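Inspection log for the structure reproduced underneath, given as structure tokens.
Predicted, not measured: the structure shown is a model, and the values here were computed from it. Order of the sequence lines fixes the chain letters, A, B, ..., with proteins taken first and strands second; residue numbering starts at 1 for each chain.
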Number of protein chains: 2
Amino acid sequence: MNEKSSGRSAERVPLSRERVLQSAMAIADDGGLAGLTIRSLARSLETKPMSLYHYVRNKDEILDGIVDAIFNEIELPAAGGEWKAELKRRATSARNVLRRHPWAIALMESRTVPGPANLRHHDAVLGTLRAAGFSLALAAHTYALLDAYVYGSALQEASLPFDGPESLAEVAGPMVEMFSAGDYPHLREFALQHVLQPGYDFGDEFDFGLDLILDGLAAHLPKPADGVDAGAA
Amino acid sequence: MNEKSSGRSAERVPLSRERVLQSAMAIADDGGLAGLTIRSLARSLETKPMSLYHYVRNKDEILDGIVDAIFNEIELPAAGGEWKAELKRRATSARNVLRRHPWAIALMESRTVPGPANLRHHDAVLGTLRAAGFSLALAAHTYALLDAYVYGSALQEASLPFDGPESLAEVAGPMVEMFSAGDYPHLREFALQHVLQPGYDFGDEFDFGLDLILDGLAAHLPKPADGVDAGAA
DNA sequence: CGAACATATCGTACAAAGTACGAGAATGCT
DNA sequence: AGCATTCTCGTACTTTGTACGATATGTTCG
């Protein structure tokens with residue numbers, strides 16, 4: 001009746017590259033990148049460090065892998081849809097993903113080899129833009145601008161010393177006092193009169209910028225051609 | 001006639017926190033963050049690892065220190081100047097600094113305690129905005145948007161697998177072939193028809209976005225009041 | 001001048017990390 | 001059953017940050 005030693009061993013899911021990457025993400029999610037070590041990863045998979053090396057070449061490959069997994073979580077824009085709505089959806093999704101996995105931002109800089117999910121992603125966005133009539137040049141501008149904004153926003157949020165509107169006061173209060181000496185008058189005003197006011201949430205800033213950018217881009221499109229008909233030619 | 005042992009020892013500049021940080025930046029500049037270790041730092045200062053600990057508490061303090069040094073290199077906007085020009089100057093300067101020190105971007109995310117240069121910087125930008133008539137709310141939006149864009153652009157450039165328009169071809173050529181299989185058709189078109197065309201330089205994308213953002217912001221200002229005179233109240 | 005103290009240097013050593021090497025166990029195929 | 005392939009992991013080496021405490025180098029005061 002026994003298969004190997006204990007009945008428990010039967011339910012032991014076999015190791016796999018997928019499981020390794022999944023576990024790695026889970027660890028990074030709640031311990032930061034620093035908490036992700038080969039040893040901690042092995043522990044969480046109930047195995048030993050060196051066993052992992054059968055599924056990944058080295059730690060860098062794990063990092064590349066989880067960065068690409070991130071791209072898989074971001075919603076792709078639909079090629080047929082209205083470009084502004086599609087881009088907004090995609091940007092918002094990307095931003096939410098990066099909020100959920102703040103460690104990914106730091107990784108993006110160091111991992112220069114794009115994975116398949118990353119490529120698929122870029123391709124879909126370009127497809128949406130081209131279908132909407134963006135020239136190649138404008139598509140390039142758009143892509144650079146939007147992505148910079150999304151990543152930059154994520155970077156900003158990740159480097160804030162607080163996590164949400166609640167914990168803001170805990171940090172900002174003491175901080176304001178520190179520079180009540182007279183340095184940083186504008187910063188002081190800004191903190192006291194705006195940021196620390198009830199209802200302020202830094203997270204809300206994202207939409208303002210996103211809309212401003214999308215509207216600005218719309219103005220660069222040759223002809224919306226959404227009048228009933230322009231008589232044309 | 002001898003002072004200590006050899007005449008050479010006289011010209012040995014004494015260690016100091018400044019020199020430690022300076023050396024750290026130099027090492028990071030040409031070896032990346034990974035090249036910056038306590039030992040490599042000590043070597044470059046011609047001393048021994050443990051000697052550094054008299055000037056900094058630990059490595060984290062070094063990292064905080066060089067991040068703040070980065071902010072010192074960014075041009076501050078003048079409070080009196082025309083806001084758009086001032087913001088553009090500052091954004092361009094920040095972007096250039098981050099290009100020169102790409103490692104700084106990765107650090108920004110992890111270092112959550114702002115240094116004095118960082119604070120001074122924020123204060124100056126806010127001052128410029130307020131002087132130009134930005135409400136606190138609009139100033140917050142502006143700051144978030146512009147910084148996100150600048151940092152995001154830097155992040156993008158840092159994660160490119162090439163360094164300039166020249167080395168682009170070396171990397172992109174093989175890459176395009178890799179997905180000539182039929183996947184990523186838009187990416188392929190984009191690369192072949194646009195990015196790989198002579199004259200394309202990703203670095204040029206920055207200005208497009210910056211101008212778009214600044215123009216968009218201008219539209220949010222209550223009244224330029226730059227007509228000869230508005231009769232006013 | 002010398003003793004006492006402060007400041008700065010650094011030798012030694014340890015813990016935590018990535019991973020090379022190769023032995024052993026498990027599994028599949030004929 | 002026997003062999004080959006695949007997977008597991010024990011051991012050990014290297015690189016890192018840095019704790020601890022010893023030395024050396026001024027500085028001050030009697």
Task: Integer-rounded Å distance: C:dG18 P and A:I62 CD1 - done: 8 Å
Task: B:I38 vs A:K48, nearer the 5' end of DNA chain D by closest nucleotide - done: A:K48
- [ ] Starting from P on C:dA17, measure out to CG on A:L41 and report it in whole angstrom.
- [x] 12 Å
Task: Rounded distance (Å) that lies between atom P of C:dA17 and atom CG of A:L63 - done: 15 Å
- [ ] May I have the distance from B:N58 (atom CG) to D:dA19 (atom P), rounded to whole angstrom?
- [x] 8 Å
TODO: Report the distance from atom NE2 of A:H54 to atom C1' of D:dC9, rounded to the nearest whole Å.
DONE: 10 Å
TODO: Check whether any side-chain N or O of B:T37 sits under 4.0 Å from OP1 or OP2 of D:dT15, and answer yes or no.
DONE: no
Open item on the list: Strictly below 4.0 Å, N to O, side chains only: are A:R90 and A:D147 in salt-bridge contact?
Closed with: yes
Task: Whichever of A:M50 and A:R43 has its nearest DNA chain C nucleotide further upstream toward 5' - done: A:R43
TODO: Please tell me which of A:Y53 and A:R39 maps to the more 5' nucleotide of DNA chain D, matching each residue to the nucleotide holding its nearest heavy atom.
DONE: A:Y53
Can I get a per-line list of side-chain donor-acceptor pairs under 3.5 Å for residues 161-173 of chain A, giving both atom names and the distance, sequence neighbours left out?
| unit_1 | atom_1 | unit_2 | atom_2 | d |
| --- | --- | --- | --- | --- |
| A:S167 | OG | A:D163 | N | 3.1 |
| A:S167 | OG | A:G164 | N | 3.3 |

- [ ] Would you mind reading off the distance between B:L33 atom CG and D:dG17 atom P, rounded to a whole angstrom?
- [x] 11 Å
Open item on the list: Under 4.0 Å, heavy atoms only, any strand: does B:S51 hit a base, just the sugar-phosphate, or nothing?
Closed with: base
TODO: With sequence neighbours excluded, tell me which residues meet side-chain contact (heavy atoms from CB on, under 4.5 Å) with B:D60.
DONE: B:N58, B:L63, B:R111
- [ ] Using whole Å, report how far CD of B:E61 lies from C1' of D:dT18.
- [x] 14 Å
Task: Distance, rounded to the nearest Å, where A:Y55 contributes OH and D:dC9 contributes C1' - done: 12 Å
Task: Salt bridge A:R95-A:D207, side-chain N to carboxylate O under 4.0 Å - done: no
